[in-house]
Every structure is written in C-alpha cells, then in structure tokens.
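The structure under discussion appears below in the form of structure tokens.
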Amino acid sequence: MMKQVFAAAVSALALSTAALAQSPNDPDSWNGSVWQARGEAAVQAGDIATARAAFRHQRALGHDSAQAAVELAGLAAREGDIELAMGWLDQAANEGFGQFEYFALQRPDIQLLMADAGFRARFFPLLGPDASQAERWRTDIAFLDRRYRQTHMAPFRHVSEANWEAAIAELTSRAATASEAEMSVGLMALMALAGDGHTRAIAPMGQSLFGIVDVPAHFSFAPLQTYWFGEELRVIGTGAGDHDLLGGRVVEIGNLPVADAEAAVRQVIAVDNQMNYPWLSPRLLSTPEVLAALGVSDHTDAVRFVIETRSGQRLERIVEARPYEDRDFNSALPDYSARVNGQPPLHLAHMGDSFHIEYLPQDSMLFVQVNAVGNVPQESFADFAARVGAALREHRPQTLVLDLRHNSGGDSDLNADLVNVIAGSEVDAPGRLYTVMGRRTFSAAINLISDMKRFTDTRLVGEPSGSSPNFVGETNMIMLPNTGMFVSASSRMHLGQQSHMRDIWWAPDLPAPPNWADYVAGRDPALEAIRAELTGRT
C-alpha cells in the first residue's frame, strides 16, 4: 500500500512539474491551490526541496498561508531545525491557523519537537505529573491569555484590555485555593467577558489529550430536564423516581428563587444576545458544581429543587448528580408532551435527526427540518438538498416550511446547496415560504436565515434568533494542556446584513414563541400561526 501511495505521489509531482514547465503563463501557475497540491505530492515523494519551494510559493500567492506555514514547520522538524520550525509555527499561529493545538501539534512531524523544552514552553506548556493544581492552572491561564490575544479576531471589542487583564489576575490569584470545578467556572466567566456566543470555555467532560494526559470530568449533572416557557421554568424530563415532578413549575433552585438562580448563572454564559440565556441556562441550573461555585447552592453532588406540581402541591427534591460520562441520559429523557398526547408535535419528533422532510397533504405543505448544517454518514447536505428539490417537484406544495428551531450551526459553506433549491422554485413567493427559528438558532443556521432573507421571499416565524445577522464566529478551539479545558475564540466576521446595521437578532415577521399550554396540548405554535395566516389569507 505504501509503495502505491509513493508511486502516486511521484506521478502527481511529475505531472505538476511538467505542466508548470510547459505553460509558465497558464492560470494554474497563479493558483495557490495548485502549488499546495504540488507541495503535498512532493512531501509524499520525499522531495523535500521541491516541497519547500512549493509551499513558499503558495504563501507568496496568499493561498491558505497559515496552512503552508505549518507544512514548512513540519519540513523543518523533519530535518531537525527546531528554531526554524518554531518560527514557521509562530507564523501559522499569528495568521490564525484554526484549531492550532489539535491539528498542528498532533502531526507526527511536529510531534518530533515535543521533546524540546523550548518548544513545549512556547507552544504547549505541558507540566509533569507532579505539578500542583496551582501550577497547572497558572500555566494554563497564562497560555490562554497569549493564545486568546493571538487568536480572537477582535479580543477587546467588548471587554477593555485593562478589565481583561484584571480578570486574568483575579482568576490566577485563586488557583492555590479554589477547587478544579471552581476554577473551571471562573474560566467560563472570564471567557464570557469577550461578549460573543462563539467565545467560551468548555470544561473537561472526561477526555484524553493527545493520549498523554487523561483529564477527569470537572462537572456532573442532575437528571432533571427543564425548559423556559416565557418566565416559567418547567420540568419536561426526569430520571427514575422523579416522574411526579413532570410538568411542574420550578420555584427554587439551590438556596435561591429560580429567577435569582438564573441571574447568577448568566455571568458564565457566553452570549450573542439575550435569547442565549433561556437556551443555555437550563443545563447550568442542573449542574451542581456550577451552582456551588456561584453561591447558588451548598451542594456539589446534588441540586435542590422546589417544584410546584401541576396539582398545585409544592415539593422539595434533592436530585443527586450523575457522572457526566452518563450524559447519554439526556437523549433518553422522556418528552412530557409525548407522555400526555401519545406523540410529540412534528418539530419535536425528529430532533435526533440532522434532516427531516415530510409532506402534509391536508395543508399542501412541505415541512423541511434542518437540525444541523453538515454532512452526516448517511447523507451529504447536498444530497439532502436534492431530496428537498425532488419533494418540491413531486408534491408541488402550496407552502414550504423550513424549520431551523433546533439548529445551532455547522458549516455555512454548505448553505447554498439548500438555498439554491428553494430560491426561484414555485414556493418562493410571498405567503408561500416560511422559515421557523428560535432561541437555539445559531451560527451557521443564522447564515442560512440571512441567505434565505437575501435570496428568497421567506417570512420568519417563531422567536427571535439566538444570534445577530452580523456576528463573529468560526470558533477556533484552544486546548489548555494541564487542565483539559478547551476555549473557543471567534476568528471571523459574518455579515448577514449591510455592515452598518446593528440588529441584535433576526426578528420574526410572525411571532410564535413556545408556550406551556401548546406544549402540553401537543401543538406547535409556529405551524399553528402559519396555518392561521394562510387560512386568513384565503
């Protein structure tokens, strides 16, 4: 097999050499991707000199310069030139190479440098197993400070540099006395200062770093699933033994009224707008370590709830936490609406699927649900979009509903496949095309809404979206070597509106927020609002 790969690489290298020699003025000679492919083929063929020249030319043409710098670092590492390799890695990091710790440092050629103390100090300051907790956190906080400044597209857009430095100093000062969970929560609060939903800290949930360090989970969870319906936090799922709480209204969490507990956890939630709070706070309100660190609760292994049941009785319940490794429990939580009605409404029935298409003949409506923008093993996004087109041709519906309520993002580059199918179709007309959104509609799903607004006649239905049309995204994950924390930093601006506009969300043309009465009855307020508008029009 290796011989076949080598032979193919040599063949590819020979072809590219011949092509460039014969046609020096060919447009391909100005195409950086051609030089990148030439460099990669040269590496496979063992022609280091040609590879180095190709990657340098790729950089000169401005094509994926950071990736070319990593390739040049790898070549230097192979030849044992540590200083040159580090210089190229500095270039790559400064030019915004995405997922630097994950993709660059796991390469076999770059790992050749891990034995060098200078390299580790500069790029991945991994301490020995005898390092104290305080040493581990201080080292990682300093590393984070450098990488945040280096990685975020506008690190002090929402927080002043002085306030950032003060927060860094305060968190560092607590490293010797705070628990692992308290430091994790402190890091979450630090990153929330950045002021955008894509820049956040993610505590370790039981993982291995490069196969070198096994990091235990810092958090557990109390198996009680809740959801905000307006100002009410309702119980919609429980573990065994707590079914009597289903449908109840949460009155207290920990030692505080529920509104005060929610206000406390807000300080550790990274947000684009206030819709992110009802989306993300229920999870934190069931995380005992977070509640204890914020002074909401005295327990670190359980959560105290006071619930007003549907019969009006008030029950106090201490819900013991489970290890986060058992988090698949969340996917098996019973849906309260299904318990009451036998089956959940359409938009909740397929939340576990990336895509769902269903024709509703009674409404002459094609319902298209997209819960993630991405390719899945069973189907590419392009193939899914083609299925939508086929369904439009087969059924010729009067109405198309595109449901993005449960879509928190993915790959925006794929959106065009779906938009191109819908734009210009028979349903792309006023009053026939609707896009449903909500608190969880975020990131690539926001860009999908922006494209739909730009290129189609869609009307927006539901809640305000979970992000603004113009937002910073493209999360660049920073891996902290000694604590297992991951921090994402936004590295790119997305413009869904004209650059001078400052809307904090996409606002619905047809408001239809979730409400408790509809949920219990198994109704979908968004579809009901669409049907009412269509009926009123006819």
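Numbering of residues begins at 1 and proceeds along the displayed sequence.
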Inset, instruction - Measure from the ring center of Phe221 to the ring center of Phe219 and say whether it is less than 6.0 Å. - result: no
Inset, instruction - Quick one: pull up CD1 in Ile446 and OG1 in Thr441 and give me the separation to the nearest 0.5 Å. - result: 6.0 Å
Inset, instruction - Name all residues meeting the ring pair (Phe, Tyr, Trp, His ring centres under 6.0 Å) criterion together with His356; count only those two or more places apart in sequence or in a different chain, and write none if there are none. - result: His350
Inset, instruction - Check Trp228, Tyr227, Trp516 against Arg234 for a side-chain contact (heavy atoms from CB on, under 4.5 Å) and give me the one that passes. - result: Trp516
Legend entry - His395: partners by ring pair (Phe, Tyr, Trp, His ring centres under 6.0 Å), with sequence neighbours left out: Tyr359
Legend entry - Phe442-His198 aromatic ring centre distance below 6.0 Å: yes
Inset, instruction - Would you mind telling me which of Ser467, Ser468, Ser450, Ser465 makes a side-chain hydrogen bond (donor to acceptor under 3.5 Å, both in side chains) with Trp506? - result: Ser450
Inset, instruction - Return yes if a side-chain donor-acceptor contact under 3.5 Å exists between Asp272 and Trp505, otherwise no. - result: no
Legend entry - Distance, nearest 0.5 Å, that separates CG of Asp140 from CE of Met479: 11.5 Å
Inset, instruction - May I ask you to check whether Ser490 and Asp196 show a side-chain donor-acceptor distance below 3.5 Å? - result: yes
Legend entry - CD on Glu95 to CD on Gln67, rounded to 0.5 Å: 11.5 Å
Inset, instruction - Supply the atom-to-atom distance Asp363 CG to Arg531 CZ, rounded to the nearest 0.5 angstrom. - result: 4.0 Å
Inset, instruction - Please collect all side chain to side chain donor-acceptor pair (under 3.5 Å) contacts where either partner lies in residues 291-300, sequence neighbours excluded, each pair once. - result: Asn255-Asp298
